[in-house]
Amino acid sequence: MMQFMLLFSRQGKLRLQKWYVAHPDKLKKKITRELITTILARKPKMCSFLEWRDVKVVYKRYASLYFCCAIEQEDNELLTLEIIHRYVELLDKYFGSVCELDIIFNFEKAYFILDELLLGGEIQETSKKNVLKAIAAQDLLQEDEVVEGALREIGLL
Amino acid sequence: MPAVRGDGMRGLAVFISDIRNCKSKEAEIKRINKELANIRSKFKGDKTLDGYQKKKYVCKLLFIFLLGHDIDFGHMEAVNLLSSNKYSEKQIGYLFISVLVNTNSDLIKLIIQSIKNDLSSRNPIHVNLALQCIANIGSKEMAEAFGNEIPKLLVSGDTMDVVKQSAALCLLRLFRTCQEVIPGGEWTSRIIHLLNDQHMGVVTAATSLIDALVKKNPEEYKGCVSLAVSRLSRIVTASYTDLQDYTYYFVPAPWLSVKLLRLLQNYTPPEDPGVRGRLNECLETILNKAQEPPKSKKVQHSNAKNAVLFEAISLIIHNDSEPNLLVRACNQLGQFLSNRETNLRYLALESMCLLATSEFSHEAVKKHQEVVILSMKMEKDVSVRQQAVDLLYAMCDKSNAEEIVQEMLNYLETADYSIREEMVLKVAILAEKYATDYTWYVDVILNLIRIAGDYVSEEVWYRVIQIVINRDDVQGYAAKTVFEALQAPACHENMVKVGGYVLGEFGNLIAGDQRSSPLVQFQLLHSKYHLCSPMTRALLLSTYIKFVNLFPEIKQQVQEVFRQHSNLRSADAELQQRASEYLQLSIIASTDVLATVLEEMPAFPERESSILAVLKRKKPGRVPEAAGDVKEGKGAPAPISAANHQAAVAQDGRGSPQVHNAVSGASASASASADLLGLSTPPASHPSAATASAPGHMGVLVDVLGDIYNSSTTNASGTASPTPAVNQQQNANNNYDAQGSYNPKKVSSPSSLANKLNLQLKPVEPLLEAGAQVQQLLNAECVEDYTGYVAQHLIYNVLHISDTPSMIITFIYNNVPQKLTVKLPLTINKFFEPTEMNGDAFFTRWKNLGGNQQRSQRIFKATQPMDNASTRAKLLGFGIQLLDGIDPNPENFVCAGIIHTRTQQIGCLLRLEPNKQAQMYRLTVRSSKESVSQEVCDLLAEQF
């Protein structure tokens, strides 16, 4: 089971955090700070996995963003790398060549996509097509509401 | 500003832009505070906000929270959004709650109600939103509220696949919070059969759930094994086109495959030969595929493929039943060891560690030894090097131990600091476990200390001493080797410890050689003495007293060292105590007594190496058990139980009991444990190894007054007192640590001061079990002031019975009555209450107490260095209040305190005037009672 996922920039700014285990805020901040420092200090060719406290940390850098997951001892490191990759692919497909700014300005979308991919720290849907379908359905609902609202405003409904 | 998708919130985007444009942290905080104030006023305002505005503000709060600021409002607005009929508003409400609401919030009831509504919605998107929220929060209340609902959703035929997926994982989350949510009975089979579901997404989610259920109740869910094997078989034999979107970079359903392989690791290999055969086929297919040329050059392809492969190898290792598969797995991993991907090398080393513990593949792993050694030396990433070290440790056996240990020692010189300590432990364990020739073992450990002394923990050098003591074939060699090692101009303190101990025990074995004559040995050790910590010095003092026994010809030189002021009057209580006791021992005791008391240490009982425990603590779950078996050391002496030990001791009965009593105070703790660990830091236990070895010694049976002696020595030396000066009463704890079963007949405290000091002891049980520890509280009340501490060098010398409070412990052991007399550290100053006062108050009282009847003065020469800090420490330790800035001469010390007795309270003022030029002190004590002034003055004058 994944314990948490963090997205942070090369400058060490946290962009997204998702916790699948309950920790007090103080501890979350401490973990985040320590982990960001640890990972930023690592060199590019180093192993993507590290033992950290009692979890295994798997991380990968995409452009200016680091994606970092903490998993438990029995979880598969390589496949966790691919969960990260799948998430990146989804963001990329959704935003159209995603960049850090997309995630900053649409952080709520980044959360919604993540919730379709992972739930309770376990993989929920591995099919890219299915996840995008679910997100598209959400957006459609929203757009209908916008249209409905607009029509109501001008008195057509 | 990039395009905002869906129904964008302009205000939010503007706010985020503002924050990003802030030039400084302060500007950012200012902007945020402004926004918070704005939102707060909006939420509090009379105007009702519409859904869009609420959504926007809640979203801003969320953003501010994610920037790392605390948010303490807005929860209610977010909860309101949950019941909005607009999906986008609902969704933001749920997001806020998932991120920000803690599980015991008051709002949880409202939230649960909203979730209930959405859960029964006909729109699956709403249902999923509710399920995701439950899974994100996963509290106990949620488990109670939805424990019935969700299992139904999961197995119902009407539920859509997307909802089933979420329901499975939602249930898993609730199950982790509260194990009762899963209904048993017919549900079991229905849940298991989700493994056969048409929809791969449902199967993937369900497998995670089943894996958790199996862990709790493997028997009930046993049926999942054959279903999992069939499913796995269908996947691995599928072509990558069969599974369409569940194929990931040409690898069919890697996530599901890994989950299924994981699930099977909860069980032993299937008993049904058909199922078992099919499983083995699957595993073979996976191994075969690893050999096929890759279908894509992308790292995603190789990662997904190898993820499945590693999980398959995990299962092969777990089953540990197919030698053929194990060897194939090992060869496959061997190939990875030279792969250009660091990740693969790392994982291969890790998996190989497990393979090394299987009897079927241990030999196959050993074939890769050279590559692994290279990895340890050459890998750029320390975590990979660490894995290589772990693997070398796991693959080590009798045949390759010397080589591996040597390579690890070589590497240790340049190894990363982060892994040194662990490597030292590993080398120490391997050297012990596989030593056929113990001279090799001694060499290895001494090399360890030489190369990485700072990282050699106490356990390591304790252990080498245990082994040398237990094996007489290596003692001479050990003495010779440490002697040589100590000749290095700079040698590590740990080397001095080992050297001191070994020479103290076995120095006589090399004394025949002129180059290592007794005097040379003694001088060599003593040349290190002043560079060492007090603990090591204490050990060396014990070595010296052993030398007095081993080499009577250097008795003079040794006694001189004991007599040195830096020892006899050391500010360190332990050193002081040892120096004075050992000096007395060397003067008083006859050669026979000395020989008995300082006899060679008896063999240690066989036990598991404590080093292993340290390693296990350091790396829980990562120390292979197979390597952990250290009990097979060849030719080790038969275990000697503590009981045997004492039986022998009791019959023996040599030596005068007085002397035994005399030393028992110091050695009590050390001897009771009969353990090198007793050597640990003083004063918790006294490392008086020399006295500990004495046979016929009471201390072997009882560990008395570990605590109280601390305070007694403290008292004598005048350093900070651990015993708080409680009003009118003194508390002291007695520790009884019994090693044999014995019968304390009476614990009493006769005292010639009975009318002046009221002592009360809480009674203890009449019979103490072997090994039991009893604490006995001693309450002392001062009825009237008394005198009672003779000169400090007589403290433990029972030959001079002095008029001090003491305790006699009598008990019966082996039907022989035993008696211990123990002094209590109860001098009059223990009843001090420190008193604060200002300069005026002090000098007014000082003048009032000016009469000859009240004053006591002593002028004496300093016997210890006159340094300010230690003087302060001594005065504070004396229990009296040190008053700073009162005396016009800053060099002087001025103190005040009240001695509480039952009959009266005696105010006491004190002034200590050092004269550094003359190396003299003048001590003046004034109190309302002459005898008290006298006594306090006498007690304190001894200390400087």
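A note on names: the letters A, B, ... follow the listed sequences, proteins ahead of strands, and every chain is numbered from 1.
- With a threshold of 4.5 angstrom between heavy atoms, A:Leu141 approaches chain B through side-chain atoms but not through N, CA, C or O.
- At a 4.5 Å heavy-atom cutoff, the contact between A:Leu79 and chain B is made by backbone and side-chain atoms alike.
- Contact annotation for B:Tyr87: both backbone and side-chain heavy atoms come within less than 4.5 Å of a heavy atom of chain A.
- Heavy atoms of B:Leu95 lying under 4.5 Å from chain A belong exclusively to its side chain.
- With a threshold of 4.5 angstrom between heavy atoms, B:His301 does not approach chain A through any atom at all.
- With chain A as the partner, the residue from B:Arg20, B:Glu379, B:Gln265 showing the most heavy-atom pairs under 4.5 Å is B:Arg20.
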| request: Verify salt bridge (charged side-chain N to carboxylate O under 4.0 Å, His left out) between A:Lys109 and A:Asp139, making sure each step is shown before the conclusion. | output: CA-CA 10 Å; A:Lys109 285 289 176 208; A:Asp139 281 350; 2.8 Å; yes
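- Annotation: maximal heavy-atom pairing with chain B below 4.5 Å, among A:Lys13, A:Lys133, A:Gln124, occurs at A:Gln124.
- Residue B:Lys215 qualifies as enclosed at atom NZ: its count of foreign heavy atoms under 6.0 Å is above 12.
- For B:Asn136, the part lying under 4.5 angstrom from a heavy atom of chain A is the side chain only.
- For B:Asp211, the part lying under 4.5 angstrom from a heavy atom of chain A is the side chain only.
- Contact annotation for B:Leu344: only side-chain heavy atoms (C-beta onward) come within less than 4.5 Å of a heavy atom of chain A.
- Listed by sequence position, A:Arg42 are the residues of residues 31-43 of chain A in contact with chain B, using a 4.5 angstrom heavy-atom cutoff.
- Ion pairing of B:Glu341 with B:Arg345 is absent here, as no side-chain N (NZ or NE/NH1/NH2) approaches a carboxylate O to less than 4.0 Å.
- Contacts between A:Glu77 and chain B at a heavy-atom distance below 4.5 Å involve the side chain alone, from C-beta outward.
- Proximity of the aromatic rings of A:Tyr20 and A:Phe4 is defined here by a centroid distance below 6.0 angstrom, and this criterion is not met.
- If you tally non-hydrogen atom pairs under 4.5 Å between each of B:Arg176, B:Glu311, B:Gln244 and chain A, the highest count goes to B:Arg176.
- Classification of the B:Phe63-B:Phe15 ring pair by plane angle, with boundaries at 30° and 60°, yields perpendicular.
- Atom NZ of B:Lys86 sits in a sparse spot, with 12 or fewer heavy atoms from other residues, nucleotides or ligands closer than 6.0 Å.
- Aromatic ring pairs are classed by plane angle as parallel below 30°, tilted from 30° to 60° and perpendicular above 60°; the pair A:Phe49 and B:Tyr346 is tilted.
- Note: B:Gln91 leads B:Gln165, B:Arg173, B:Gln91, B:Glu89 in heavy-atom pairs under 4.5 Å with chain A.
- Heavy atoms closer than 4.5 Å to chain B are found nowhere in A:Leu140, neither backbone nor side chain.
- If you tally non-hydrogen atom pairs under 4.5 Å between each of B:Thr342, B:Ile16, B:Asn303, B:Asn343 and chain A, the highest count goes to B:Asn343.
- Between A:Tyr94 and A:Phe112, the ring centre distance reaches or exceeds 6.0 Å.
- By the ring pair (Phe, Tyr, Trp, His ring centres under 6.0 Å) test, B:Phe65 pairs with no residue at all, sequence neighbours left out.
- In this structure, the portion of A:Arg15 lying under 4.5 Å from any heavy atom of chain B is its side chain and not its backbone.
- A salt bridge does not link A:Asp25 with A:Lys29: every distance from a Lys NZ or Arg NE/NH1/NH2 to an Asp or Glu carboxylate oxygen is 4.0 Å or more.
- Contacts with chain A were tallied for B:Ala212, B:Ser302, B:Ser208, B:Pro124; B:Ser208 has the most, counting heavy-atom pairs under 4.5 Å.
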Which atom pairs, one a donor and one an acceptor, fall under 3.5 Å between side chains of residues 245-253 of chain B and the rest of the protein, sequence neighbours left out?
{"from": "B:Asp245", "atom 1": "OD2", "to": "A:Ser127", "atom 2": "OG", "distance (Å)": "2.3"}
{"from": "B:Asp245", "atom 1": "OD2", "to": "A:Lys128", "atom 2": "N", "distance (Å)": "3.3"}
{"from": "B:Asp245", "atom 1": "OD2", "to": "A:Lys129", "atom 2": "N", "distance (Å)": "2.9"}
{"from": "B:Tyr246", "atom 1": "OH", "to": "A:Glu125", "atom 2": "OE1", "distance (Å)": "2.6"}
{"from": "B:Tyr246", "atom 1": "OH", "to": "A:Glu125", "atom 2": "OE2", "distance (Å)": "3.0"}
{"from": "B:Tyr246", "atom 1": "OH", "to": "A:Asn130", "atom 2": "ND2", "distance (Å)": "2.9"}
{"from": "B:Thr247", "atom 1": "OG1", "to": "B:Tyr240", "atom 2": "O", "distance (Å)": "2.6"}
{"from": "B:Tyr248", "atom 1": "OH", "to": "A:Glu82", "atom 2": "OE1", "distance (Å)": "2.6"}
{"from": "B:Tyr249", "atom 1": "OH", "to": "A:His85", "atom 2": "NE2", "distance (Å)": "3.1"}
{"from": "B:Tyr249", "atom 1": "OH", "to": "A:Glu89", "atom 2": "OE2", "distance (Å)": "2.4"}

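- Put simply, the side chain of A:Asp102 never gets that close to the backbone of A:Phe95: no donor and acceptor are under 3.5 Å apart.
- For the set A:Lys28, A:Lys18, A:Met1, A:Gln17, the count of heavy-atom pairs under 4.5 angstrom toward chain B peaks at A:Met1.
- A donor-acceptor pair under 3.5 Å links the side-chain atoms of B:Thr177 to the main chain of B:Gly138, judged by distance alone.
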Would you be so kind as to tabulate the donor-acceptor pairs closer than 3.5 Å made by side chains of residues 126-133 of chain B, with sequence neighbours excluded?
{"from": "B:Asn128", "atom 1": "OD1", "to": "B:Ser166", "atom 2": "OG", "distance (Å)": "3.2"}
{"from": "B:Gln132", "atom 1": "NE2", "to": "A:Glu116", "atom 2": "OE2", "distance (Å)": "3.1"}

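- In this structure, chain A has no heavy atom under 4.5 Å from any part of B:Leu209.
- The existence of a salt bridge linking A:Lys56 and A:Glu51 is excluded, since no basic side-chain nitrogen approaches an acidic carboxylate oxygen closer than 4.0 Å.
- Per-residue counts of heavy-atom pairs under 4.5 Å with chain A were compared for B:Arg262, B:Lys380, B:Lys259; the largest is that of B:Arg262.
- The CZ atom of A:Phe67 lies 14.0 Å from the OG atom of A:Ser48; values are rounded to the nearest 0.5 Å.
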